[in-house]
Visitor: 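Sharing a structure, written as structure tokens. Questions coming.
Residue numbers start from 1 in every chain, and the chains themselves are labelled A, B, ... in the order their sequence lines are given, proteins ahead of strands.
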Amino acid sequence: MSLKFYNTLGKKKEEFKPVEAGRVSMYVCGITAYDMCHIGHARSAVVFDVICKYLKYKGYNVIYVKNFTDIDDKIIAKANEEDTDIIEISERYIKEHNKDMDEMGVARPSITPKATENIKGMIRHISTLVEKGLAYVVEGNVFFAVDKFKGYGKLSGRNLDDMLAGARIDINEKKKNPLDFILWKSARDGEPWWDSPWGRGRPGWHIECSVMSQRFLGETFDIHGGGMDLIFPHHENEIAQAEGATGKPFANYWIHNGFVRINKEKMSKSLGNIFNLREALGSYHPEVLRLFMLQSHYRSPVDFSDESLAEARTGMERFYETLKKIKDILATGIDFSDILPKNLSGKDKDVFGKITTLPDRFAEAMDDDFNTARAIGYIFDATRLINGYLAGRKFAPTAESLFVLNSARNNVKKVGKVLGLFLEDPDEYFEKDKKREAEKQGLNIQEINALIEERQKARTAKKWKKADEIRNILAKKKVVLKDTADSTTWKIANLVKNQPLVR
RNA sequence: GGCGGCAUAGCCAAGUGGCUAAGGCAGCGGUCUGCAAAACCGUUAUUCACCGGUUCGAGUCCGGUUGCCGCCUCCA
């Protein structure tokens, strides 16, 4: 099967052909380290995490580079505010970023370069552009001359004339063309600086990505990614810088993820609706957040709300309920090590046959522009199949059925791993969920357990009235009980609108 | 002003020329259960914003209309 995905450069889905067979080189624009991550950073990270994991799942050897921007106006401003230096600021937020992303189940990229570790490379690159006549120096600043690079605009689908006609370009006296962008900024007082052929200064924003990607991946590499907002000007400028210097194609494929909205509004600082990732992780299991994000296509906008996240929690519960049932049945310890697929018959054979197609269906969906939404649909199908098998009157734990359930679980977990889902032990998952929800809704777990214990006594004595009374008390607190023959488990129902997403 | 995207059931959401328009949530009916919960079964879009066109055939392609959104300034 061949992988196709949407290439922003060609504006259509294209078959993926790596530069070097069996290897994929991928660069994604990371964060500017000056503040805590929000849910939008998380979406981008999850999207490219899944893409990277899927490429590996397909057998590619993937080198994934994601940078940290650690020199920038906002970092400098923050450092001044706190009377410290940019290193301390960027190191702090890189640490926080890593902490959050680790919790989100985002695997660390192969290489995470920082801009300040690549200044020499940037200076060399800028020098090349100046030598080639693509850049010019004005009072210690170096600008890229946009009209000297004929491909300018090919990624974002613009042309210079149209852009010049646009009203919102800041006029900088030093620029020959208002669309020219800065490669090297001369240092102002109190700013960090590096020596360069043009005097003391620091790099412009775009140059770092051209230089760091090519340093680790070569002049031409496979995939370059980032958020949709980066298409213009950032990625357009990266192409101009890189191809201008080398004369060779830069990245062959460009992938851009869609944006996050909060209650149907754009998430932005001015609207004050930034959904902080640390807070999100306090309110929702990371896999709930991932499931929600991955149920939409990566290029579509995704709209966070407490309702939509509550729905995702319900969905995640469904998966883990099934995984829990399988776990419990497997715990009976019946030995199924001698069972072969050809020994199966009837329902066992039927379910086994269907469940083993899951990885193929998963790959079919993922090969089509990383269609995680469709892939998740197939996992829901598989879940219903397993639950139906388990709920059937004829179901009994036998060597054959344990063999089938074990295969089912392996298949679900195999594809789940690519999406970063079902990584938790089911009992762990529900324990964590209870704790998190109890805290969110101000409930005391000890109290709940005490009431359940009291009710259990009533139940064994068949005092149903008393048992129902306690059920009702708990129901008012959104505690839902689940009775089995000799015990009771519980969970907390979704309580939407109690907890505003963004305060 | 320029460039681009989206519009599919109550809600979310797949679907990019052709078998019955995935899947989830919510709802309803049933099975199971002391009662519940979960699960399962059944049910919920003759129709894909609207109007034309291309085609044997369109949610899917083309043109237009309406509505929503993003980028063009730092932004994932």
Side-chain angles (χ1 to χ4, degrees), chain A residues 8 11-13 28-32 34-35 37-48 72-74 153 156-159 161-170 179 205 225-234 236 256-261 264-269 291-292 295-297 299-303 305 307-308 310-318 321-322 324-325 361 365 368-369 371-381 383-393 459 462-465 467-468 471-472 475 480-485 488-491 493-494:
Chain A
T8 310
K11 295 195 181 5
K12 60 179 187 303
K13 280 189 210 171
V28 174
C29 293
I31 59 154
T32 299
Y34 76 103
D35 205 348
C37 288
H38 58 240
I39 202 78
H41 296 118
R43 184 185 192 196
S44 182
V46 166
V47 163
F48 290 103
D72 150 280
D73 287 348
K74 293 185 291 293
S156 53
R158 298 153 200 252
N159 64 60
D161 294 338
D162 287 345
M163 283 188 278
L164 281 171
R168 301 168 70 187
I169 300 163
D170 91 274
L179 294 168
W205 174 41
M228 252 162 193
D229 57 324
L230 296 179
I231 294 173
F232 189 87
H234 186 54
E236 196 65 67
H256 293 98
N257 66 276
F259 262 36
V260 162
R261 314 203 309 157
K264 301 201 194 292
E265 271 184 340
K266 184 192 161 153
M267 182 172 72
S268 75
K269 293 207 165 161
L291 177 69
F292 175 64
Q295 273 188 292
S296 294
H297 188 88
R299 281 189 282 118
S300 309
V302 81
D303 194 354
S305 66
E307 290 94 336
S308 60
E311 258 182 53
R313 174 177 172 245
T314 306
M316 213 58 229
E317 235 168 65
R318 190 169 158 78
E321 282 286 356
T322 301
K324 161 105 177 106
K325 282 183 231 166
R361 308 219 297 156
D368 185 11
D369 203 15
N371 196 328
T372 53
R374 199 153 82 210
I376 288 167
Y378 294 150
I379 304 174
F380 273 112
D381 285 340
T383 303
R384 188 162 12 80
L385 177 73
I386 298 163
N387 285 335
Y389 177 59
L390 253 21
R393 286 186 178 278
R459 280 184 76 214
K462 293 201 190 299
K463 290 178 182 164
W464 304 127
K465 202 176 160 191
D468 288 346
R471 177 194 292 288
N472 286 336
V480 178
L481 302 181
K482 180 184 173 185
D483 289 339
T484 62
T488 297
T489 56
W490 59 277
K491 67 170 182 180
N494 279 320

Visitor: Say whether A:Asn494 and A:Arg313, considering side chains only, have a donor N or O and an acceptor N or O under 3.5 Å apart.
Guide: yes

Visitor: Taking CE from A:Met228 and C1' from B:C6, how many angstroms apart are they, rounded to a whole number?
Guide: 11 Å

Visitor: Are there more than 12 heavy atoms of other residues, nucleotides or ligands under 6.0 Å from atom NZ of A:Lys11?
Guide: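 Buried by this count: over 12 neighbours within 6.0 Å.
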
Visitor: Closer than 4.0 angstrom, basic N to acidic O: yes or no for A:Asp35 and A:Lys74?
Guide: no

Visitor: What is the distance, to the nearest angstrom, from the NZ atom on A:Lys266 to the P atom on B:C74?
Guide: 13 Å

Visitor: Taking the side chain of A:Ala391 as heavy atoms from C-beta outward, which of B:C11, B:A76, B:C40 is closest to it?
Guide: B:C40

Visitor: Taking any strand in view, what nucleotide pairs with B:U16 in a Watson-Crick or G-U wobble way, both distances under 3.5 Å?
Guide: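 Base partner found: none.
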
Visitor: Locate the shortest heavy-atom distance separating A:His256 from A:Arg299; write the atom from each residue and the value.
Guide: O-CG, 3.5 Å

Visitor: Record whether the side chain of A:Asn159 comes under 3.5 Å of the base of B:C3 through a donor-acceptor pair of N or O atoms.
Guide: no

Visitor: Mind checking if A:Gly30 touches a base, just sugar-phosphate, or nothing, with heavy atoms under 4.0 Å?
Guide: sugar-phosphate

Visitor: Between B:C75 and B:C12, how far is it from one P atom to the other, in whole Å?
Guide: 31 Å

Visitor: Tell me which nucleotide among B:C35, B:A39, B:G34 gets nearest to the side chain of A:Arg471.
Guide: B:C35

Visitor: Which value, in whole Å, describes the distance between the C1' atoms of nucleotides B:U60 and B:A49?
Guide: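 The answer is 16 Å between these two C1' atoms.
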
Visitor: Searching all strands shown, indicate the nucleotide that pairs with B:U55 (Watson-Crick or G-U wobble; both distances under 3.5 Å).
Guide: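 By the stated definition (distances under 3.5 Å), nothing pairs with B:U55.
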
Visitor: Testing the basics here: between A:Arg459 and A:Ala467, what is the closest heavy-atom pair and its distance to 0.1 Å?
Guide: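 So the two residues come closest at CG-CB, 3.9 Å.
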
Visitor: I want to check one thing: is the phosphate of B:A36, taken as OP1 and OP2, less than 4.0 Å away from some side-chain N or O of A:Trp490?
Guide: no

Visitor: Can you measure A:Asn494 atom CG to B:C25 atom P for me and round it to whole angstrom units?
Guide: 11 Å

Visitor: Quick one: A:Asp468 CG to B:G34 P, roughly how many Å, whole number?
Guide: 12 Å

Visitor: Specify the separation, in whole Å, of atom CH2 of A:Trp205 and atom P of B:C74.
Guide: 7 Å

Visitor: Look at the side chain of A:Arg374 and the backbone N and O of A:Arg361, then say whether any donor-acceptor pair between them is shorter than 3.5 Å.
Guide: no

Visitor: What does B:G34 pair with, Watson-Crick or G-U, if both distances are under 3.5 Å?
Guide: none

Visitor: Which part of the nucleic acid, if any, lies within contact of A:Thr489, taking any heavy atom under 4.0 Å across all strands shown: a base, the sugar-phosphate backbone alone, or nothing?
Guide: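 Touches nothing.
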
Visitor: For nucleotides B:G63 and B:G27, find the distance between their P atoms and express it as a whole number of Å.
Guide: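 Looking at atom P only, B:G63 and B:G27 are 43 Å apart.
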
Visitor: From CG of A:Leu481 over to P of B:C35, roughly how many Å is that when rounded to an integer?
Guide: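 From A:Leu481 CG to B:C35 P: 16 Å.
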
Visitor: What's the closest nucleotide to the side chain of A:Arg158 if the choices are B:C72, B:G24, B:C75?
Guide: B:C72

Visitor: Under 4.0 angstrom, heavy atoms only, what part of the nucleic acid is A:Gly157 near: base, sugar-phosphate, or nothing?
Guide: sugar-phosphate

Visitor: Select from A:Lys11 and A:Ala467 the residue whose nearest nucleotide in RNA chain B is closer to the 5' end of that strand.
Guide: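 Looking at the nearest nucleotide for each, A:Lys11 comes out on the 5' side.
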
Visitor: Which letter, B, S or -, goes with each nucleotide of nucleotides 14-19 of chain B from 5' to 3', with contact meaning a protein heavy atom under 4.0 Å?
Guide: SSB---

Visitor: Can you identify which nucleotide, out of B:G24, B:A39, B:A76, has its nearest atom closest to the A:Phe380 side chain?
Guide: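 The listed nucleotide nearest to A:Phe380's side chain is B:G24.
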
Visitor: Within the 4.0 Å heavy-atom criterion, would you say A:Phe259 contacts the bases, only the backbone, or no part of the nucleic acid?
Guide: base

Visitor: Within this structure, what is the OH-to-P distance between A:Tyr378 and B:G24, rounded to whole angstrom?
Guide: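 Rounded to the whole Å, the gap is 13 Å.
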
Visitor: For nucleotides B:A45 and B:A22, find the distance between their C1' atoms and express it as a whole number of Å.
Guide: 14 Å

Visitor: Looking for any heavy atom pair under 4.0 Å, which part of the strands does A:Lys462 touch: base, sugar-phosphate only, or nothing?
Guide: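 No contact.
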
Visitor: Counting distance only, does the side-chain N/O of A:Thr314 pair as donor-acceptor with the main-chain N or O of A:Ala310 below 3.5 Å?
Guide: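 Flag set: sc A:Thr314 to bb A:Ala310 pair under 3.5 Å.
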
Visitor: Look through every strand shown and name the nucleotide pairing with B:A76 as Watson-Crick or G-U wobble, where both distances are under 3.5 Å.
Guide: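 Paired with no nucleotide.
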
Visitor: With a 4.0 Å cut-off on heavy atoms, is A:Asp483 in touch with a base, just the backbone sugar-phosphate, or nothing at all?
Guide: base

Visitor: As a test of reading the structure: which of B:C40, B:A76, B:G34 is closest to the side chain of A:Asp229, going by heavy atoms?
Guide: B:A76

Visitor: Are OP1 or OP2 of B:A38 and a side-chain N or O of A:Lys324 less than 4.0 angstrom apart?
Guide: no

Visitor: For B:U46, which nucleotide in any strand shown is its Watson-Crick or wobble partner with both distances under 3.5 Å?
Guide: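 The base-pairing partner of B:U46, which may sit in any strand shown, does not exist here.
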
Visitor: Mind running side chain to side chain contact (heavy atoms under 4.5 Å, CB included) on A:Thr8 and A:Met228 for me, showing each step along the way?
Guide: CA-CA 10 Å; A:Thr8 310; A:Met228 252 162 193; over 6 Å; no

Visitor: Among B:C72, B:G34, B:C41, which nucleotide has an atom closest to any side-chain atom of A:Arg384?
Guide: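 Of B:C72, B:G34, B:C41, B:C41 is nearest to the side chain of A:Arg384.
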
Visitor: Identify whether any heavy atom of A:Val47 sits under 4.0 Å from a base atom; if not, whether one sits that close to sugar-phosphate; answer base, sugar-phosphate or nothing.
Guide: nothing

Visitor: What is the nucleic acid contact for A:Asp303, judged by heavy atoms within less than 4.0 Å: base, sugar-phosphate only, or nothing?
Guide: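 Nothing, no heavy atom under 4.0 Å.
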
Visitor: Do NZ/NE/NH1/NH2 and the carboxylate oxygens of A:Lys465 and A:Asp468 come within less than 4.0 Å?
Guide: no

Visitor: If you measure from the P atom in B:A14 to the same atom in B:C61, how many Å do you get, rounded?
Guide: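 Per the computed distance, 16 Å lies between those P atoms.
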
Visitor: Quick one: A:Lys325 NZ to B:A39 C1', roughly how many Å, whole number?
Guide: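 Those two atoms, NZ and C1', are 5 Å apart.
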
Visitor: So, OP1 or OP2 of B:C6: does either fall under 4.0 Å of a side-chain N or O from A:Lys264?
Guide: no

Visitor: Between B:G4 and B:A21, how far apart are the two C1' atoms, rounded to whole Å?
Guide: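 After rounding to an integer number of Å, I get 28 Å for this pair.
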
Visitor: Could you tell me whether A:Lys482 and A:Glu321 make a salt bridge, using a distance below 4.0 angstrom between a side-chain N and a carboxylate O?
Guide: yes

Visitor: Would you confirm whether A:Asn371, through its side chain, and A:Ala365, through its main-chain N or O, come within 3.5 Å as a donor-acceptor pair?
Guide: no

Visitor: Expressed as a whole number of Å, how far does the P atom of B:C28 sit from that of B:U44?
Guide: 16 Å

Visitor: Does A:Arg318 make a side-chain N or O approach to OP1 or OP2 of B:C40 shorter than 4.0 Å?
Guide: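 So the side-chain polar atoms of A:Arg318 do come within 4.0 Å of the phosphate oxygens OP1 or OP2 of B:C40, strictly under.
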
Visitor: Quick one: look up who B:G70 pairs with, Watson-Crick or G-U, both distances under 3.5 Å, and put none if it's unpaired.
Guide: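 Matched B:G70 with B:C3 under the 3.5 Å cut-off.
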
Visitor: When the P atoms of B:G10 and B:U55 are compared, how many Å lie between them, rounded to an integer?
Guide: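 One P to the other, the span is 35 Å.
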
Visitor: Nearest to the A:Thr314 side chain among B:C25, B:A38, B:G34, which nucleotide is it?
Guide: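 For A:Thr314, the side-chain atoms sit closest to B:C25.
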
Visitor: Only pairs with both distances under 3.5 Å count, Watson-Crick or wobble alike; so what is the partner of B:G29 in this structure?
Guide: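 Result: B:C41.
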
Visitor: Whether the side chain of A:Asp161 and the base of B:G2 hold a donor-acceptor pair under 3.5 Å is what I'd like checked.
Guide: no

Visitor: Of the listed nucleotides (B:A39, B:A37, B:G23), which one gets closest to any side-chain atom of A:Asp381?
Guide: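 Within the option list, the nearest is B:G23.
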
